[in-house]
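For reference, the structure is listed below as C-alpha cells.
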Amino acid sequence: MGEVKRISLTEEMSLAAISRVCAHSAAFKAEYGYSPRAFVLTFGCQQNVADSEKLSGMALQMGYEITNTPEQADLILVNTCAIREHAEKRALSIVGQYKHLKEKKRDLIIGVCGCMVVQEHRREQLKKSYPYVDFVLGTSVLHRLPELLCRKLAEKRRIFGSEEEYAIAEEVPILRESHYRAWVSIMYGCNNFCSYCIVPYVRGRERSRAPQDVINEVRDLVARGYKDITLLGQNVNSYGKGENHGVDFAELLERLDQIEGDFVLRFMTSHPKDANRRLVDVMASGKHIAHHFHLPLQSGSDAILAAMNRHYDRAAYLSILDYMREKMPDIAVTSDIIVAFPGETEADFEDTLSMLRRARFDMIYSFIYSPRKGTPAAEMENQIPKEVASKRFDRLLALQEELSLESNAPLLHTEQRILCDGPSKTDAGMLSGRNGQNKIVFFEDDGTPAGEWVNVKIDRVAPFALYGKKI
Ligand code: SAH
Ligand code: SF4
Ligand code: F3S
C-alpha cells in the first residue's frame, strides 16, 4: 500500500473550485447583506466528528459562515453513519425533515455525506425518495466538497455519483469545535472484515498518513494550546501497516510523546489482535500518554469471536489486558460489547458476563447486534429474536453498572487532575471535566473556564461519574 495516492486541497482543481464558490458567496453577500450559511450535522463515531470539522473547514474557506440552526442554512450537510440500523434511520428521518426547509428556500442545497451514502442501496433510496437532496458525498471523497458544490451551483443538477477515491487528503482546512480538545485522524479504513461490520465496506482499505504529517499536526496543536489530543483510526494500532515508511503505531506514539508541552495524548480505537506489549511499554513509559485503553472485546465466547472473525480468543485478550494492568496499575480499560450476535447461545452470553467479571472494565459501550446488508453475519442462520436480545442487553448493563462502581470505588478521597469542559449539561451549578483515564468528574461551578486543568478531591463515586471539590 505504499501506493496510496496523496493529494492536497491546494491542488489546481480544488483551488479553482474554491475560488468559484467564494465568488458565489461574495455575490450572495452583495445581494442579501450576509454571507451564505452552512449547517453540518454529524452522526456516528469520532472519525465522523473529525470529518465534519473538515466539512465545516472547507465551507468556511469557501466563504460560508457556520450556523447551528438548519432553518438559517443555505447549505446543509448531513454526515451519516451506517454502523447500526438505528443510526441510518435517524439520519434518514432528519433528512426527511429538511424537505420543508427546501420548500421555503428554493436555493437551499442539501448534501448527504459519510458512511451511509457509500452503500449503493442507500444512494438509490435518497435519489428516488428524497428529491430535495442535491448531492451525496462518500467518506473517501469528502475533500471533493468544493468541486461538487461548484458543479452544483453551476449546473443545478442533482449529483449522485458513486466514485470513491481511497486516497489520503492532506491540507484540508479543519474548523475545530473545541479550543483545547482535538481529534487527529492518523489512518483511515479497515481491513478486518469482522463479520457483522459495515465499516470496511464504507471506509475502504486501511491507509495511514505519513508520520511527519501527523507529528507536524500534533506539534502545531500543542503550540496553539490544545491540551487533549486524540489520535483516531478505525484501528489506530494498525497504523503504518503496508506503508513503506516503517513507522508502526507504537513508534509513532513514542515520537509524539517527545513533543514538549502540557498535554495528554489519547488514541481510539484499537483492535486486540494488534495490541502488542511494545505499545503497552511505550504507554507506560510515556510522559503524555493517557492511561486509558479502549479495547473492544465484542464477545466473551470463543465460538462467537471466531464467528465474528475477530482473530483473537479470551486467553489472548486477557494476556494483553493483564500485561497492561501489570505495567500501569492505574490504567482504565473500556470496551465494546455486542449482544445477540447470530447463533449466540445462553452459554455464549454467560461467557461474555464471566469475561466482564474477569476483565473488570471501567466502562463498556454495549450494542444489540444489528444486521447490516452485505455483511456475512446478516446471512447467518439463528438470528436472535428481539426479546431475547433485549433481556440479555439489560442483564449486561446491570452487571457492568456494578463493576463500574467497583472500579471507581478506589478513587474515593483521591486527588484527580481534570481538564475542565465547562458547565455540566445535566447538573445545574456544576462543572464537568475528564481525568487522564477519561472518567467524567463533576465539581462545583466556581467559574473555571473550559480548557483549564484543575485538581479535584473526590468525595463521591458513582458507576459512571466521580464527584468532588476543587483544591
Ligand atoms: N473500529 C472500531 C470501532 C467499530 S464501530 C473497532 O473495531 O472496535 C464501534 C462498535 O460498534 C464496534 O466495536 C462494535 O461493538 C459495534 N458494532 C459494529 N457493527 C455492529 C453491528 N452490526 N451491530 C451492533 N453493533 C455493531
Ligand atoms: Fe468493524 Fe471490525 Fe473493522 Fe472495527 S475492526 S471497524 S469492528 S470490521
Ligand atoms: Fe458509523 Fe462510519 Fe463511524 S459507519 S461508526 S460513522 S466509521
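In listed order, ligands and their atoms are each counted from 1.
In Phe367, the part holding a heavy atom less than 4.0 Å from any atom of ligand 1 is the side chain. With a 4.0 Å cut-off on non-hydrogen atoms, Gln47 does not touch ligand 3 at all. When heavy-atom distances to ligand 2 are checked against a 4.0 Å cut-off, Asn235 comes that close only through its side chain, counted from C-beta outward. Only side-chain heavy atoms of Arg203 come within less than 4.0 Å of ligand 3; its backbone N, CA, C and O stay farther off.
Between Ala340 and Tyr369, the shortest heavy-atom distance links the atoms O-CB, 3.3 Å.
Among protein heavy atoms, atom 9 (C) of ligand 1 sits closest to Asp336 OD2, 3.7 Å. Among protein heavy atoms, the minimum distance from atom 23 (N) of ligand 1 is reached at Ser370 N, 3.0 Å. With respect to atom 7 (O) of ligand 1, the closest heavy atom belonging to the protein is Arg310 NH1, 3.9 Å. For atom 5 (S) of ligand 1, the closest non-hydrogen atom of the protein is Ile83 CD1, 3.5 Å. Looking from atom 24 (C) of ligand 1 to the surrounding protein, the closest heavy atom is Ile368 O, 3.5 Å. Looking from atom 15 (O) of ligand 1 to the surrounding protein, the closest heavy atom is Gln298 OE1, 2.7 Å. Atom 3 (C) of ligand 1 has its closest protein heavy atom at Gln234 OE1, 4.1 Å. Remark: minimum distance from atom 17 (N) of ligand 1 to any protein heavy atom is reached at Arg84 NH1, 3.5 Å.
Residue contact check: Cys45 has heavy atoms under 4.0 Å from atoms 3 (Fe), 5 (S), 6 (S), 7 (S) of ligand 3. With ligand atoms numbered from 1 in the order given, ligand 3 contributes 1 (Fe), 4 (S) to contacts under 4.0 Å with heavy atoms of Ala82. Heavy-atom proximity to Tyr369, at under 4.0 Å, picks out these atoms of ligand 1: 23 (N), 24 (C). Annotation for ligand 3: atoms under 4.0 Å from non-hydrogen atoms of Cys115 are 2 (Fe), 4 (S), 6 (S), 7 (S). Taking a cut-off of under 4.0 Å to the non-hydrogen atoms of Thr269, the atoms of ligand 1 that pass are 2 (C), 6 (C), 8 (O). The Arg372 neighbourhood of ligand 1 comprises atoms 22 (N), with distances under 4.0 Å to a heavy atom of that residue. Below 4.0 Å from some heavy atom of Cys81 lie the following atoms of ligand 3, by number and element: 1 (Fe), 4 (S), 5 (S), 6 (S).
For the salt bridge (Lys or Arg N to Asp or Glu O under 4.0 Å) with Asp322, the qualifying choice from Arg314, Arg358, Lys327 is Arg358, the only one to do so.
For CD of Glu326, the number of neighbouring non-hydrogen atoms (other residues, nucleotides, ligands) closer than 6.0 Å is greater than 12.
Neighbouring protein atoms of atom 1 (Fe) of ligand 2 (N, O or S, distance under 2.8 Å, waters ignored): Cys197 SG.
Remark: distances from the non-hydrogen atoms of Gln234 to ligand 3 include one below 4.0 Å.
Phe293 and Phe267 have their aromatic ring centers within a separation under 6.0 angstrom.
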